[in-house]
Structures are given as structure tokens and as C-alpha cells.
Amino acid sequence: MTTEHPEVAALLDRSHRLGADRRLTNFAGGNTSAKPTLADPVTGEPRRVLVVKGSGGDLGSLTHAGLAYLDLDRVLALEALHAGGTHEDDLVELYGSCRFGDGGAVPSIDTPLHALLDAAHVDHLHPDAVIALATAADGEGLVRACYGGAVGWLDWRRPGFELGLALRELARSHPSMRAAVLGGHGLIAWADTGDECEARSLELVRRAEEHLAAHGRAEPLGEVVAGFEPLPAAERADEAASLGPVVRGLASTDRPVVGHFSDAPVVLDFLARSEAPRLVALGTSCPDHFLRTKVRPLLLDLPPSASFDQRVDRLRELHAAYRDGYAAYYREHAGPASPPMRGADPAVVLLPGVGMWSFGPDPRTARVAGEFYVNAVNVMRGAEAVSSYAPIPDAEKFRVEYWELEERKLRLRPAPPVLQGRVALVTGAGSGIGKATAERLAADGACVVLADLDVERAGKAAAVLGHDRALAVAGDVSSERDVVAMFRAAALRFGGVDIVVNNAGFAASAPLVDTTVADWDRLHAVLARGSFLVSREAARVMIAQGRGGDLVYVVSKNGVVAGPMNVAYGAAKADQAHQVRLLAAELGAHGIRVNGVNPDGVVRGSGIFTGEWLEQRAAAYDVEPDDLGRFYASRTLLGREVLPGHVADAVAVLVGGELSRTTGVLLPVDGGVAQAFLR
């Protein structure tokens with residue numbers, strides 16, 4: 001609506017510029033607004049309208065659909081209800097009744113900050129430098145020293161109507177004041193024009209940065225602790241990949257999550273400093289920070305020189321203590337009306353010398369949690385440079401974290417896809433059944449690692465799925481080194497693997513007397529040895545995670561039914577089929593389920609039924625190559641052709657959770673071949 005209005009277009013442009021600068025605000029942080037006069041879509045009469053970034057939107061990528069449109073006079077009328085005793089949380093429900101036209105996006109809880117100020121344009125940002133002042137023990141004095149009387153100060157108050165009223169009172173009592181620092185929270189600036197508002201915001205951030213640089217101590221985070229210095233880059237990557245499955249498994253105790261790793265210099269330097277343990281324990285302060293990072297992260301208190309087993313054991317001890325501490329935090333601050341505890345696992349895990357793992361239900365959420373902790377580190381450094389870091393109390397953090405308004409936002413979210421928080425690795429994923437399987441698992445919410453000999457082909461398939469949740473890796477499954485590298489890449493990118501599909505393969509056909517040793521060895525190297533190598537590495541990762549997992553073999557009807565001129569391929573497929581049974585028997589103790597699918601006649605769209613193999617199989621049955629798919633279908637009980645997507649559907653059923661008590665099964669996907677019935 002009103003997409004062509006120049007003030008709305010200018011608001012979007014301003015938002016994009018501010019959101020693109022991570023010094024000013026992080027992903028989905030802050031909000032901007034304008035108050036144009038627009039024609040009522042029904043009466044045509046002019047109305048004062050508040051156009052403000054809606055709930056959950058991101059300034060840098062804001063679109064018209066992400067703007068909320070509110071009749072300003074109706075919003076201001078809510079003040080009378082508030083004065084009459086209506087609780088400010090209940091007023092939020094009435095924002096919907098204040099919508100102008102179709103209303104646009106859902107209004108955020110920061111709406112009163114924008115509506116109640118008399119100015120036409122407002123920017124509310126979370127700049128690291130300003131929050132450093134806002135979270136310092138003597139923040140009000142520091143703001144005065146930095147800005148003089150040009151910028152006001154408001155003590156911490158949870159976002160909402162009362163904060164908006166307090167801000168308006170401050171602005172009206174100081175008519176020359178055009179900005180304020182919100183204690184523990186951020187910056188808000190206002191002006192008569194959008195350009196003036198943006199310029200003021202940028203100027204205030206610059207002055208805060210200059211103040212910290214001019215007056216701050218050289219080493220605010222303390223001395224570097226011997227042994228906690230950053231490892232060389234290659235070693236950091238190895239350690240992150242090795243520890244990633246352990247850490248991700250711990251962080252997935254309550255619900256599955258995916259990981260994001262960062263070894264940014266600011267993180268590594270922070271973790272090497274003597275004051276890091278004290279500051280980590282204090283937690284984050286700005287609501288946008290701790291809503292994504294949780295109240296505080298988990299910090300490993302061992303140097304990288306400690307043995308791998310020592311660090312794993314200590315991480316498990318610290319994780320148990322973290323969960324106990326979080327449960328105690330909830331019990332201490334929860335009231336009878338508080339929502340249930342949402343989970344006690346950390347969202348951020350800090351590994352000295354190595355870096356930071358951050359976690360979330362999807363890659364973007366995981367990445368953003370890490371980005372916000374980087375902001376928090378910058379804030380701590382700034383506050384410690386000129387004073388001491390003093391975040392808002394845990395009781396106030398709890399009031400925001402378990403605010404009923406936050407709970408309502410969570411309830412409005414759609415149900416998560418069945419594989420959200422899980423990571424799948426599919427071999428031979430560049431084409432055919434593997435590609436279809438990767439697409440199906442991604443559609444069900446999984447992050448997917450597409451492994452293929454042809455990495456360019458796998459890369460194209462991954463690009464379609466989205467580079468944030470799909471990774472293409474090159475590898476030959478018959479090479480132990482390549483297989484280890486595949487799983488290392490998966491662990492470094494997402495923190496581990498939960499679903500592994502052994503699909504890579506090829507086929508060759510010849511009479512027994514014409515089958516060469518080279519043909520036999522090549523087929524068994526890829527199908528039998530390759531599946532063994534992939535499954536062994538998958539088991540190592542899944543056992544380290546401690547959360548179970550799924551191994552699925554794409555076998556074949558040929559592993560069960562004897563056919564002509566097929567001894568090498570059929571024998572290798574039979575090897576795979578028995579691996580399913582053997583590994584199901586062994587890995588069940590770890591909660592790892594091992595199953596297989598037995599396709600047949602997957603000709604159209606197949607990565608195998610091309611060229612020589614197509615001609616060989618057609619010759620074996622004395623049909624034309626173009627008729628082979630129809631021939632296979634004609635001999636089935638259902639008389640219907642099998643396509644790659646049908647096999648992918650079977651894999652999805654096996655790993656989707658509804659068959660949680662099924663392991664060791666070989667599921668036919670062959671249209672019904674009576675000879676292949678298992679008995």
C-alpha cells in the first residue's frame with residue numbers, strides 16, 4: 001500500500017543505508033519511522049500515519065511489506081487507556097486496531113518510541129559504541145561527557161508504552177534535545193526530516209567512537225593469558241571441526257540446532273584476555289543481544305593445549321552446570337504467569353584459541369546469534385575502556401526473555417519443518433536420486449551437504465537450495481581421505497551431521513566371462529568400500545554428537561534379485577544390503593538407525609542410466625534404450641515407472657521421525673517386483 005509515496009520510499013532508502021552499516025545495528029536490530037500524511041483509502045481524507053519498521057524486520061533488507069502502517073491519532077489515543085489503568089502489555093493487542101489501510105506488517109513493541117515523539121522522523125539503533133556508554137557503570141555521566149547536554153539519558157526500562165511516554169517527557173522538557181541514550185539498550189534520535197535524522201544518528205555514533213578512542217584504556221580486557229592465544233588458522237579449523245559435533249550435540253539437548261563457527265579476530269582476542277571469564281559471566285545487556293545469545297554463553301575454561309579428551313570432558317561438565325544454572329535463573333525470576341522454560345542449552349559456546357560456535361534452529365539464526373555476541377564483545381571492550389561493564393540485571397533480562405509479548409510472537413510462528421535443526425550429507429548428490437534426495441531433505445528443513453565427484457555439478461544443485469543452508473563438497477567415496485574431508489567440511493560448516501545417505505555409485509553390465517577384475521574392483525570400491533567408509537565416518541560424528549542419527553543406503557533391487565550379466569554390480573549391491581543389517585545391529589546402542597531403500601528401474605532422470613549402462617541393460621532385456629523405463633514399469637505389479645523423486649520420498653519417510661522405531665529395514669521402491677519381496 002502507498003508504495004509510491006515519496007516519504008515512504010525515502011524511509012526505505014534511509015533504513016537500507018543504516019542497516020548496511022554493522023557499526024550501527026545488527027541483523028533485525030533497530031527500527032526507523034516516518035509520519036507522512038496519507039489519503040485514507042476509503043474516505044480519501046488526509047490522515048497522519050506512522051510508518052515504522054514492523055516486528056522482526058531487518059533494516060538492511062527492509063521492503064514495503066516489512067513496514068507497519070498505523071493511524072497516528074488512534075495510536076496516541078491509547079494513552080488515555082494507559083492512564084485509565086490498562087496495562088501496557090495489553091495495549092499491544094490494540095495496535096492492530098490502529099492500523100491504517102491494510103496495516104502492513106505486525107507492529108513491533110518499539111512502536112510507542114516512534115509514535116509518542118512529536119518529531120516526524122525517528123531512528124532507533126543499537127550501535128556498539130553507544131551501547132558501550134549505555135552499559136557502563138557510570139553511563140549517564142559518560143553520555144554527558146561525550147555529548148554535553150545535546151543528548152539525554154533514560155535509565156533502563158523495558159521497551160513498551162511506558163518507555164515511550166518517558167522519552168516523550170524527556171524530549172518535551174528539553175526542546176533543544178534531539179536524541180537520547182537508553183540505559184543498557186541503545187540510541188534514539190529524531191528530527192523533522194529523514195536526512196537530518198540519519199545525519200544526526202551517524203554523527204552521534206561517530207562521536208561515541210571518538211570518545212572511546214580518546215579516553216579509553218589501551219588494554220581494557222586485561223592481559224593476554226599465556227596458552228590462550230589463538231592457534232594458527234589451519235589448526236583452528238581442525239579444532240573447530242573436531243569439537244563442533246561435540247559442542248553441537250550438547251547444544252541440541254533440548255531441541256536440534258545447527259551451528260555457525262566464527263574465528264573472527266575480535267572473538268579470538270577476547271577469549272585470550274584475562275578479563276574474559278568475568279565479562280562472559282555478566283552476560284549481554286541490549287535486549288536485541290540477549291534474546292539471540294541467551295543471557296550468557298558457555299565458556300570453555302581450558303587452553304587449546306589441553307588434550308582433546310580433556311576438553312570434551314570439561315565441555316560436558318560445563319554444559320551440565322550451564323543447564324543447572326539456567327534452570328535456577330528461570331526458577332528465581334519466574335512468576336505464576338510466566339511462560340514455560342524454553343530450553344536450557346547455550347546458544348553460544350566459546351573455545352579459547354579456536355573461536356566461537358553459535359547455534360539456532362536454522363543457519364541464519366545461528367549466524368545472527370554469533371554476530372550479536374561479537375557486538376556484545378565490542379560493547380564490553382568499550383565499557384571497560386572508560387569505566388566498567390554493568391549490564392542490566394538478570395531479573396530485567398528475564399522480564400524481556402520471558403515477556404508475554406515475546407511468547408506471543410513465538411506462538412504466531414508456523415510449525416517448524418520436520419527436519420529443522422538437522423544436517424544431512426548425501427553422496428552422489430549432483431544428479432539423479434542423490435540430487436532429488438538432497439532437494440527433498442532441504443524442503444523438509446534440513447541443511448544439506450551435497451557430496452559428488454563432480455563438485456561443479458553439486459555446486460549448481462546447492463545454489464538452487466541456497467548457499468546459507470547447502471554446501472557442495474568434492475570427493476571420491478572410495479578414498480578414505482576424501483570421505484574424512486567431506487565430514488570435516490560438514491562439521492566446520494554446520495557443526496556436524498545427523499542424516500547420511502549412501503547414494504554415490506555407478507553401474508556396469510557384462511557377462512561373467514567378460515567381467516574383468518578391474519570392473520569388479522571398481523564397483524566394489526565405490527559401492528561396498530565407499531559405503532563402508534562413509535558410514536564409518538558418519539558413525540564417528542554421530543557418536544560424538546550423542547544425539548543418535550540416521551544412515552540410509554540407496555541399495556537396489558539387484559541386491560536381492562539375480563539378473564543376467566550383472567555379477568559385479570549385483571554382488572556389490574548385496575554387500576551394501578548386508579551392511580544395512582550389520583550396522584543396524586551395531587549402532588542401535590548409540591541411537592543410530594540404519595535403513596535402506598531398494599529402487600529399481602529408475603531410468604528417467606537417473607545419473608546412472610546414461611550412455612553405456614543404459615545400452616547394456618537395454619541389450620540384456622532385448623529392448624530399445626528409449627523403451628527401457630517403460631519395460632521396467634511393465635513388469636511391476638503397479639505398472640508404473642519409478643522416478644528419482646519417488647526414491648527421495650522413501651528416504652524422507654525413513655528419516656522424518658514417524659518411523660522412529662524402525663531400523664535394519666530395506667524398503668522397496670520398485671513399483672512392485674515380486675521377486676524382490678524380502679522374506
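The shown structure was predicted, so the numbers you read here are calculated from the model rather than taken from an experiment.
- Distance alone, capped at 3.5 Å, places no donor-acceptor pair between the Arg440 side chain and the Val651 backbone.
- With Thr663 contributing its side chain and Val594 its backbone, the two residues share a donor-acceptor pair below 3.5 Å.
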One pair to check against side-chain contact (heavy atoms from CB on, under 4.5 Å): Leu533 and Val477. What are the steps and the verdict? CA-CA 7 Å; Leu533 289 173; Val477 296; over 6 Å; no

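- Formation of a donor-acceptor pair under 3.5 Å by the Ser252 side chain with backbone atoms of Gly249 is not found in this model.
- Within the 3.5 Å criterion, the main-chain N or O of Asp476 finds a donor-acceptor partner in the side chain of Asp482.
- Closest approach of Ser478 and Ala525 over heavy atoms only: CB-O, 3.3 Å.
- Judged purely by distance below 3.5 Å, without hydrogens or angles, the side chains of Ser531 and Gln579 never pair a donor atom with an acceptor atom.
- In terms of modelled atom types and a separation under 3.5 Å, the side chain of Tyr329 and the main chain of Phe398 share a donor-acceptor contact.
- A 4.5 Å side-chain heavy-atom check between Leu59 and Leu24 finds every atom pair outside the cut-off.
- Asp123 meets the side chain to side chain donor-acceptor pair (under 3.5 Å) test with Arg14, Ser201; sequence neighbours excluded.
- Glu658 is not listed as a side-chain neighbour of Val653, based on a closest heavy-atom distance of 4.5 Å or more.
- Formation of a donor-acceptor pair under 3.5 Å by the Thr427 side chain with backbone atoms of Ala504 is found in this model.
- With respect to the salt-bridge test (charged N to carboxylate O, under 4.0 angstrom), the residues Arg314 and Glu317 qualify.
- Looking at Lys294, its side chain does come within 3.5 Å of a backbone N or O of Asp345 through a donor-acceptor pair.
- One distance of note links CG of Leu527 with NZ of Lys573; it measures 5.0 Å at 0.5 Å rounding.
- Tyr322 places a side-chain N or O within donor-acceptor distance of the main-chain N or O of Arg296, the cut-off being under 3.5 Å.
- Counting heavy atoms from C-beta outward, Leu271 and Leu351 have side chains that stay 4.5 Å or more apart.
- Here the straight-line distance linking atom CG of Leu291 with atom CD of Glu401 works out to 7.0 Å at 0.5 Å rounding.
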### Query
Arg488 and Asp238: salt bridge (charged side-chain N to carboxylate O under 4.0 Å, His left out), yes or no, with the steps?
CA-CA 8 Å; Arg488 179 187 181 278; Asp238 285 340; 2.8 Å; yes

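- Across all their heavy atoms, Gly54 and Ala105 have their closest contact at CA-CB, 4.1 Å.
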**Request:** Evaluate side-chain contact (heavy atoms from CB on, under 4.5 Å) for Leu243 paired with Leu315, printing each intermediate quantity in order.
**Result:** CA-CA 10 Å; Leu243 288 169; Leu315 280 167; 4.2 Å; yes

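- The side chain to side chain donor-acceptor pair (under 3.5 Å) test applied to Asn31 returns Asp110, His114, not counting sequence neighbours.
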After noting the C-alpha distance and the side-chain angles of Phe270 and Met380, does the key distance pass the side-chain contact (heavy atoms from CB on, under 4.5 Å) rule?
CA-CA 10 Å; Phe270 175 68; Met380 294 175 197; 4.0 Å; yes

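- To the nearest 0.5 angstrom, Leu62 atom CG is 11.0 Å from Leu18 atom CG.
- Between Glu371 and Arg292 there is no salt bridge, since none of the side-chain N atoms of the basic residue sits less than 4.0 Å from a carboxylate O of the acidic one.
- Put simply, the side chain of Pro352 reaches to within 4.5 Å of the side chain of Leu300, judged on heavy atoms.
- Residues forming a ring pair (Phe, Tyr, Trp, His ring centres under 6.0 Å) with Phe372 (at least two apart in sequence, or on another chain): His289.
- With values rounded to the nearest 0.5 angstrom, Met542 atom CE is found 6.0 Å from Ile592 atom CD1.
- The shortest non-hydrogen separation linking Gly496 to Val423 is O-CG1, 3.3 Å.
- A salt bridge links Arg248 with Asp498; the closest basic N to acidic carboxylate O contact falls under 4.0 Å.
- Atom CZ of Arg604 sits in a sparse spot, with 12 or fewer heavy atoms from other residues, nucleotides or ligands closer than 6.0 Å.
- Judged by distance alone, with hydrogens and angles left aside, the side-chain atoms of Asn503 form no donor-acceptor pair with the main-chain N or O of Val426 at under 3.5 Å.
- The side-chain heavy atoms of Val354 and Asp263, taken from C-beta on, include no pair separated by under 4.5 Å.
- Using a 4.5 Å heavy-atom cutoff, the side chains of Leu465 and Leu450 are in contact.
- In summary, of the residues considered (Thr284, Val348, Val349), a side-chain contact (heavy atoms from CB on, under 4.5 Å) with Pro297 occurs for Val348 alone.
- Side-chain atoms of Pro363 and His260, non-hydrogen and from C-beta on, never get closer than 4.5 Å to each other.
- Between Asp550 and Arg422 there is a salt bridge, since at least one side-chain N of the basic residue sits less than 4.0 Å from a carboxylate O of the acidic one.
- For the atom pair CG (Leu492) and CZ (Arg236), the distance works out to 11.0 Å, reported to the nearest 0.5 Å.
- In terms of heavy-atom proximity, Gly596 sits nearest to Leu654 at O-CD1, 4.0 Å.
- For the 3.5 Å distance criterion, the side chains of Asn502 and Ser535 qualify, holding a donor opposite an acceptor.
- Checking each of Val669, Val642, Val554 against Val602 for a side-chain contact (heavy atoms from CB on, under 4.5 Å) leaves exactly one that passes, namely Val642.
- The shortest side-chain heavy-atom distance between His646 and Pro599 does not fall under the 4.5 Å cut-off.
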Self-check item: Derivation and outcome, side-chain contact (heavy atoms from CB on, under 4.5 Å), residues Asn378 and Val266
Solution: CA-CA 8 Å; Asn378 291 333; Val266 63; 3.4 Å; yes

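- Using a 4.0 Å cut-off between charged side-chain N and carboxylate O, Asp13 and Arg17 make no salt bridge.
- Arg342 and Asp254 are not joined by a salt bridge, as no carboxylate oxygen comes within less than 4.0 angstrom of a charged side-chain nitrogen.
- Within the 3.5 Å criterion, the main-chain N or O of Gly29 finds no donor-acceptor partner in the side chain of His126.
- Pairing each heavy atom of Gly355 with each of Phe261, the nearest pair is CA-CE1, 3.9 Å.
- The shortest heavy-atom contact between Trp357 and Val247 is CB-CG1, 4.3 Å.
- Interatomic distance, Lys53 NZ to Ser15 OG, rounded to the nearest 0.5 Å: 8.5 Å.
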